[in-house]
Every structure is written in structure tokens, then in C-alpha cells.
Amino acid sequence: MAAGKIAAPGTEYGPCKEPCSHTDCASSRSMAEAECIHCGKPIGYETSCYSTETGFAHAKCEELFQDVRRRIRY
């Protein structure tokens, strides 16, 4: 699984800087506003993140969670 980033508003691949009715922009904003399933903070823009079966997670949070899970198994 590879981490991705949500491009910042106004950048080449990011949503419009100003409010708009573009479907892609609304989707990007929605993902950036989603809360991390581990820490509860918004995912944000330009931050490595994963889309998991249960929601979005910051890459650092998800990788820490997976590391802890591996250690518990052994």
C-alpha cells in the first residue's frame, strides 16, 4: 500500500482556492477535512495519508498502528 497526498488548494492538481462547484474540488476538500481514524485530526493537504477500509489515516499514524500490531503478534 502506498501513501498519497492531497494537493493543496491553488496548486496544479489541487482544488480551486476559492469555493467552487467542481466535483473534483469538493472531493479533495472532503478528503482533506476527513478525520484520521487513529488520531482524530483532519488529514489536511500535502500530508502523506492512506485510504483504508475504515477511512483515511495519516501515514505516520497508520504506520505506527501497523508496527504496534506486528509487535503484539510476536
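Numbering starts at 1 and runs along the sequence shown. Atoms considered below: every heavy atom in the structure, side chains included; atoms not considered: hydrogens, waters and symmetry mates.
Under the 4.5 Å side-chain heavy-atom criterion for Ile, Leu, Val, Met, Phe, Trp and Tyr, Leu64 and Ile72 are members of the same hydrophobic cluster. No chain of hydrophobic side-chain contacts below 4.5 Å, direct or via other Ile, Leu, Val, Met, Phe, Trp or Tyr residues, connects Ile37 to Phe56.
Residues Asp24 and Pro15 are not in side-chain contact: their nearest non-hydrogen atoms beyond the backbone lie 4.5 Å or more apart. Counting only heavy atoms from C-beta outward, the side chains of Pro19 and Arg29 never approach each other to under 4.5 Å.
When each of Glu62, His58, Glu63 is checked for a side chain to side chain donor-acceptor pair (under 3.5 Å) with Tyr50, only Glu63 meets the rule.
Scanning all heavy atoms of the two residues, the minimum distance from Ala8 to Glu46 falls at N-OE2, 2.9 Å.
In this structure, the side chain of Ser27 does not engage the main chain of Cys25 through any donor-acceptor pair within 3.5 Å.
Atom-to-atom distance recorded for Cys61:SG and Lys41:NZ is 8.0 Å, nearest 0.5 angstrom. Interatomic distance, Thr52 OG1 to Phe65 CZ, rounded to the nearest 0.5 Å: 9.0 Å. Atoms CD and OG, on Glu33 and Ser28 in that order, are 10.5 Å from each other to the nearest 0.5 Å.
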